[in-house]
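Heads up: the structure comes next, in structure tokens.
Per chain, numbering begins at 1; letters A, B, ... match sequence-line order. Worth saying up front: this structure is predicted, and the values here are computed from it rather than measured.
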Amino acid sequence: MTTRVRFAPSPTGYLHIGGVRTALFNWLWARKTGGAFVLRIEDTDQERSTAESVRVILDSLSWLGLDWDEGPGKGGPFGPYTQMERLGLYKEWAERLVREGKAYRCYCTKEELEEQRALLKARDPKATFRYPRTCLKRTDQPDLPFVVRFKSPDAGSISYRDKVFGLVTTPNAAQQDFVLLRSDGVPLYNFGAVVDDIQMGITLVARGRDHMVNTPPQIMLYEAFDAKIPDFAHLPMMLAQSGEKLSKRHGAVSVGEYQAQGYSPRAVLNYLARFGWSHGDQEVFSLDELVAAFDWEHCNKSDGKFDAKKFLAINHEHLKTPRLTGEDEYVDRLLPFLAARGVPGLVRERVLHVLPLIRERATTFVDAADRLDFVFRDPPVVDPAAAAKFLGPASAPLLRELIEVLRGVELWTVQAIEARVQAWLEDKKLQIKDVAQPARVALTGRTASPGLYEVIEALGRDRAIARLTSPAASPTSP
RNA sequence: GGCCCCAUCGUCUAGCGGUUAGGACACCGGCCUCUCACGUCGGUAACACGGGUUCAAUUCCCGUUGGGGUCGCCA
């Protein structure tokens, strides 16, 4: 049987980084096994679901490269892939359970139950409210709104062999007669997910550990439908450094934010893959390597804490390694960031030419754009503190001489420039460190930049000389 | 509180009875050096605790402690 896995987000906001990991592990498994990766939108919470959020999720997954074989915008043999478009199916399947005596109609109102719950909580705050089965023995069928409840067993237990946690056993007494269908006919999570997973032929359900508690009732449903129970794999939680659930107040948690911060999609996947899974000592992976190496055996059971520094380091690694990010792709991704900061005169060829200057330095595309800004912006943005420190009167004569040296360079290459400058320094009994910082500030506006000769070459003779000219002519007085 | 789950450096992790407990990020030094990086060399740093099992436990079992998940007509 071929593998069929799914990612089933609810469109109630941005795509959370933890959700991406769930999607990734499913995707990796599908790609590794040659199976199908199904995307299903679980929008049955009409209060919170939005079309905008669906769009964001689709965009984010596309950006990441987690392409789905079946799902929204793609279709497939088991569609539609949006739950609110499948209501007829849930109703039909719920009715079947009622007919078979495995579920029943419950006419208790939400308000009544909330009152009972509140009453219990008032008496014992830690007590667990369980539906008292008021409607279980009811034989009449009043013309009132009703929900459909599952008749869960009182005795026995459910066991399943989790792909990462091993054998998990839960007593059935822990379950209550949970609701399958709301009074408006919209399914609740456990029911909708199981009906869809059965109908869509899902063979393995991989999701966050926070869903582990849903597995026993879901297995009961598979049994009630006499359906084949899929494999389950639960992934440990991603927590904030504080140990709390990772949320907005711990920094960026949506993929969109990392995209905006200039992360490489594959670096995001790389970091996420190594969170809760390992492959010996290997830290850096291409997508192909990930697909080839991924397995459930090396998934970890314990929760982890998100480490923004390591994430950045992984991104840096991806940006500076040609094997992981090709030159063309780098420029494609970088260009929008340069444009966004209003860098003038952007020409793809020129960006390509100066890319080596910052390739090993930039940790994100935003950082890369910042480091390359001076190349394109004439005059460059000058840091006043840097100018005050290095462009004093003492440096003016040196810069004037440097201009002359540059005029004398014949072939405009890094090597030729360096050779001429070195010869001049030797002749004048000077050292490069005597001129490097003043020249750097004049050329780039900053005290930190790529190598001096590379910078000069990249600017071109005319622009380099122009930038050296004004501080050489009118030095700022101390 | 009930039910479920977890436990190796600060963090992500390797380890699947016998290791000087390894790697990565972070941190601290040295080297390289025109700045910033990169690179490189080295350093600090972990098996939660208590019982078993065993010739031998980080590794297997039990308990304690600690942490997390979940108890909705949310997903």
C1' spacing across the pair B:U19 / B:U40, given as an integer number of angstrom: 27 Å
Salt-bridge criterion met for A:K245 and A:D303 (N-O under 4.0 Å): no
Residue matched to B:C60 through Watson-Crick or wobble contacts both under 3.5 angstrom: B:G52
Sugar-phosphate only, base, or nothing, as touched by A:P171 at under 4.0 Å among non-hydrogen atoms: sugar-phosphate
Nearest listed nucleotide, side chain of A:K301, among B:C12, B:A14, B:C6: B:C6
Residue matched to B:G2 through Watson-Crick or wobble contacts both under 3.5 angstrom: B:U70
More than 12 heavy atoms of other groups within 6.0 Å of A:K91 NZ: no
Sole candidate of A:V179, A:L180, A:L181, A:V147 that passes side chain to side chain contact (heavy atoms under 4.5 Å, CB included) when paired with A:L188: A:V179
B:A14 phosphate, OP1 or OP2, under 4.0 Å from A:S278 side-chain N/O: yes
Who pairs with B:U11 - Watson-Crick or G-U, where each distance is under 3.5 Å: B:A24
Distance between C1' atoms of B:C32 and B:C25 (Å, rounded): 23 Å
Working for salt bridge (charged side-chain N to carboxylate O under 4.0 Å, His left out), residues A:E42 and A:R40: CA-CA 6 Å; A:E42 305 209 333; A:R40 182 173 74 224; 2.8 Å; yes
Side-chain touch A:Q116/A:L120, heavy atoms, less than 4.5 angstrom: no
Distance-only donor-acceptor test (3.5 Å): side chain A:R440, base B:C34: yes
Minimum-distance nucleotide to A:F165 side chain [options: B:A37, B:C6, B:G69]: B:C6
For nucleotides 71-75 of chain B, print each protein N/O atom paired with a nucleotide N/O atom at under 3.5 Å, atom names and distance only.
| unit_1 | atom_1 | unit_2 | atom_2 | d |
| --- | --- | --- | --- | --- |
| B:C71 | O2 | A:T128 | OG1 | 3.3 |
| B:G72 | OP2 | A:R117 | NH1 | 3.1 |
| B:G72 | O5' | A:R117 | NH1 | 3.2 |
| B:C73 | OP1 | A:R117 | NH2 | 3.1 |
| B:C73 | O2' | A:K110 | NZ | 3.3 |
| B:C73 | O2 | A:S183 | N | 3.3 |
| B:C73 | O2 | A:S183 | OG | 3.3 |
| B:C73 | N3 | A:S183 | OG | 3.2 |
| B:C73 | N4 | A:C108 | O | 3.1 |
| B:C73 | N4 | A:K110 | N | 3.3 |
| B:C74 | OP2 | A:R182 | NE | 2.5 |
| B:C74 | OP2 | A:R182 | NH2 | 2.3 |
| B:C74 | O3' | A:R182 | NH2 | 3.2 |
| B:C74 | O2' | A:D45 | OD2 | 2.3 |
| B:A75 | OP1 | A:T44 | OG1 | 2.4 |
| B:A75 | OP1 | A:D45 | N | 3.4 |
| B:A75 | OP1 | A:R182 | NH2 | 3.2 |
| B:A75 | OP2 | A:Y189 | N | 2.9 |
| B:A75 | O3' | A:E42 | OE1 | 3.3 |
| B:A75 | O2' | A:S10 | OG | 3.3 |
| B:A75 | N6 | A:N214 | OD1 | 3.3 |
| B:A75 | N1 | A:N214 | ND2 | 3.4 |

C1'-based separation of B:G23 from B:G63 [nearest Å]: 34 Å
Partner nucleotide of B:C32 by Watson-Crick or wobble geometry (both distances under 3.5 Å): none
A:E297 with A:K163: basic N within carboxylate O range, under 4.0 Å: no
A:T44 vs A:P187 side-chain heavy atoms within contact, under 4.5 Å: yes
Distance, C1' atom - from B:A7 to B:U64, rounded to whole angstrom: 13 Å
Contact letters for nucleotides 24-33 of chain B, in which S counts primed atoms plus P, OP1 and OP2 and B counts the base, heavy atoms under 4.0 Å: BSS-------
Basic-acidic side-chain contact under 4.0 Å: A:D177, A:R130: no
Pair A:E283 + A:K310, salt bridge at N-O below 4.0 Å: yes
B:U70 OP1/OP2 closer than 4.0 Å to side-chain N/O of A:K245: yes
